Amino acid sequence: MLELRKARPEDAQAIGGLYDQARAALRAAGVEQWQDGYPDASDAAKDIAEDRGFVITENGQVLAYACLGFGEEPTYRVMEQGRWLGEGEYGFLHRMAVADSAKGRGLAGMLFDELKRQAKERGVAILRGDTHRDNQPMQRVMAKNGLEYRGIIRVEDGTQRLAFEALLGE
């Protein structure tokens, strides 16, 4: 049975393994995203320490991970070729990875549903995310979960990412 829960420090190595699988899949698809070693287990450990890490497990095995956060994402302050529609606090999803063996089972949707649940609980009506322009699978996941393309942001190293946003109804 699948269980969605907060990630624990002891999950960080397994999450690092998910990132390795995701990195290999992106590389095979010709996507440059995550090819510099970021993210890794230490990034997951930081998310966990900040109480933002969530995993989906089955029989004790970590199958999916995402950082679900609220507040401000510094790289979202400036947008090129578009604009955010919502104003105020927003939730965001970062560093999602799903085990190769679990793809196609709706785990990414479960993580987005958890972000939506938390947003509703907090009274937040805006969700945001971003991905590499060549990462078609993640773009489809965002669209499937109600996020629409808004423009281009730049991450810490200056590279472009496609930015997405959903305005949640009451």
Side-chain angles (χ1 to χ4, degrees), residues 1-70 73 75-76 90-121 127-149 153 155-157 159-166:
M1 188 166 94
L2 295 174
E3 177 191 14
L4 188 149
R5 62 169 171 79
K6 284 191 175 183
R8 304 175 187 132
E10 59 269 23
D11 296 324
Q13 285 308 116
I15 296 163
L18 294 181
Y19 287 145
D20 291 341
Q21 288 180 35
R23 201 174 342 277
L26 290 168
R27 185 172 42 254
V31 180
E32 294 177 17
Q33 186 177 10
W34 290 4
Q35 298 307 304
D36 62 358
Y38 166 87
D40 62 15
S42 67
D43 295 298
K46 183 178 178 206
D47 290 341
I48 293 165
E50 294 174 353
D51 207 29
R52 295 178 169 191
F54 287 81
V55 293
I56 298 174
T57 65
E58 185 173 51
N59 300 321
Q61 180 183 3
V62 175
L63 297 180
Y65 173 78
C67 168
L68 307 179
F70 288 88
E73 168 55 59
T75 62
Y76 290 176
Y90 53 88
F92 53 88
L93 184 144
H94 287 321
R95 295 179 286 283
M96 180 190 292
V98 177
D100 292 342
S101 65
K103 289 184 177 169
R105 294 180 60 189
L107 304 188
M110 286 177 66
L111 289 162
F112 270 103
D113 287 347
E114 176 63 14
L115 180 62
K116 290 173 188 174
R117 186 195 69 73
Q118 289 182 32
K120 184 176 181 179
E121 191 175 88
L127 300 182
R128 293 182 179 162
D130 65 89
T131 193
H132 193 280
R133 78 171 50 256
D134 295 332
N135 189 338
Q136 296 295 321
M138 189 60 188
Q139 291 176 44
R140 284 191 296 274
V141 165
M142 289 214 211
K144 187 175 180 179
N145 286 282
L147 282 82
E148 297 177 3
Y149 173 75
I153 58 105
V155 293
E156 291 84 359
D157 68 4
T159 58
Q160 293 183 347
R161 293 291 182 267
L162 303 182
F164 295 81
E165 179 182 50

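Note that the structure is predicted; figures quoted are calculated from it, not measured.
Remark: Asp157 pairs with Val155, Thr159 by the side-chain contact (heavy atoms from CB on, under 4.5 Å) rule, at least two apart or across chains. Partners of Gln13 according to the side-chain contact (heavy atoms from CB on, under 4.5 Å) rule, which considers only residues two or more places apart in sequence or in another chain, are Ala41. The ring-ring contact (aromatic ring centres under 6.0 Å, His included) check on Phe112 picks up nothing, with sequence neighbours excluded. Checked against side-chain hydrogen bond (donor to acceptor under 3.5 Å, both in side chains), Glu121 has the following partners two or more places apart in sequence or in another chain: Arg117. Among residues two or more places apart in sequence or in another chain, the salt bridge (Lys or Arg N to Asp or Glu O under 4.0 Å) test is passed with Asp20 by Arg23. In terms of the salt bridge (Lys or Arg N to Asp or Glu O under 4.0 Å) criterion, residue partners of Glu148 (sequence neighbours excluded) are, by chain and number, Arg150. Among residues two or more places apart in sequence or in another chain, the side-chain contact (heavy atoms from CB on, under 4.5 Å) test is passed with Gln160 by Glu80, Arg133, Ile152, Arg154. For Gln61, the side-chain contact (heavy atoms from CB on, under 4.5 Å) partners are Leu63, not counting sequence neighbours.
Here the straight-line distance linking atom NE2 of His132 with atom CG of Leu26 works out to 9.0 Å at 0.5 Å rounding. Atoms CE and CG, on Met96 and Leu115 in that order, are 9.0 Å from each other to the nearest 0.5 Å. Residue Glu50 holds its CD atom at 7.5 Å from SG of Cys67, rounded to the nearest 0.5 Å.
Between Ala7 and Ile15, the closest heavy-atom pair is CB-CD1, 4.3 Å. When every heavy atom of Val98 is checked against every heavy atom of Ala108, the shortest pair comes out as CG2-N, 4.5 Å. Nearest approach of Pro9 to Ile48, heavy atoms of both residues: N-CG2, 3.7 Å. In this structure, Phe54 and Leu4 approach most closely via the heavy-atom pair CD2-CD2, 4.0 Å.
Counting heavy atoms of neighbouring residues, nucleotides and ligands inside a 6.0 Å radius, atom CD of Gln35 exceeds 12 of them.
Leu68 places a side-chain heavy atom less than 4.5 Å from the side chain of Glu114. Between Phe164 and Leu127 the shortest side-chain heavy-atom distance does not fall below 4.5 Å. By the 4.5 Å heavy-atom criterion applied to side chains, Thr57 and Leu2 are not counted as neighbours. Residues Lys116 and Asn145 form a side-chain contact, since some pair of their non-hydrogen atoms from C-beta on lies under 4.5 Å apart. Taking 4.5 Å as the limit, every side-chain heavy atom of Asp134 sits out of range of all side-chain heavy atoms of Glu32. Here the side chains of Leu111 and Ile56 are in contact, with some heavy-atom distance below 4.5 Å.
The ring pair (Phe, Tyr, Trp, His ring centres under 6.0 Å) contacts involving residues 2-31 comprise Tyr19-Trp34, where partners must be two or more places apart or lie in separate chains. Pairs of residues two or more places apart, or lying in two chains, that qualify as salt bridge (charged side-chain N to carboxylate O under 4.0 Å, His left out) and include a residue from residues 5-15 are Arg5-Asp11, Lys6-Asp51. Identified under the salt bridge (charged side-chain N to carboxylate O under 4.0 Å, His left out) test for residues 91-105, with sequence neighbours left out: Asp47-Arg95, Glu58-Arg105, Asp100-Lys103. The list of salt bridge (charged side-chain N to carboxylate O under 4.0 Å, His left out) pairs with a residue in residues 33-44, not counting sequence neighbours, is empty.
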Exercise for the section: Evaluate the criterion side chain to side chain contact (heavy atoms under 4.5 Å, CB included) for residue pair Thr131 and Gln33; output intermediate values, then yes/no. Expected result: CA-CA 8 Å; Thr131 193; Gln33 186 177 10; 3.5 Å; yes

Practice task
Give the intermediate values and the outcome of side chain to side chain contact (heavy atoms under 4.5 Å, CB included) for residues Asp130 and His94.
Solution key: CA-CA 8 Å; Asp130 65 89; His94 287 321; 3.4 Å; yes

Handout entry: Derivation and outcome, side chain to side chain contact (heavy atoms under 4.5 Å, CB included), residues Phe70 and Arg52
Key = CA-CA 9 Å; Phe70 288 88; Arg52 295 178 169 191; over 6 Å; no

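Cation-pi check for Arg128 over Phe92 is not met; the charged atom does not lie both under 6.0 angstrom from the ring centroid and within 45 degrees of its normal.
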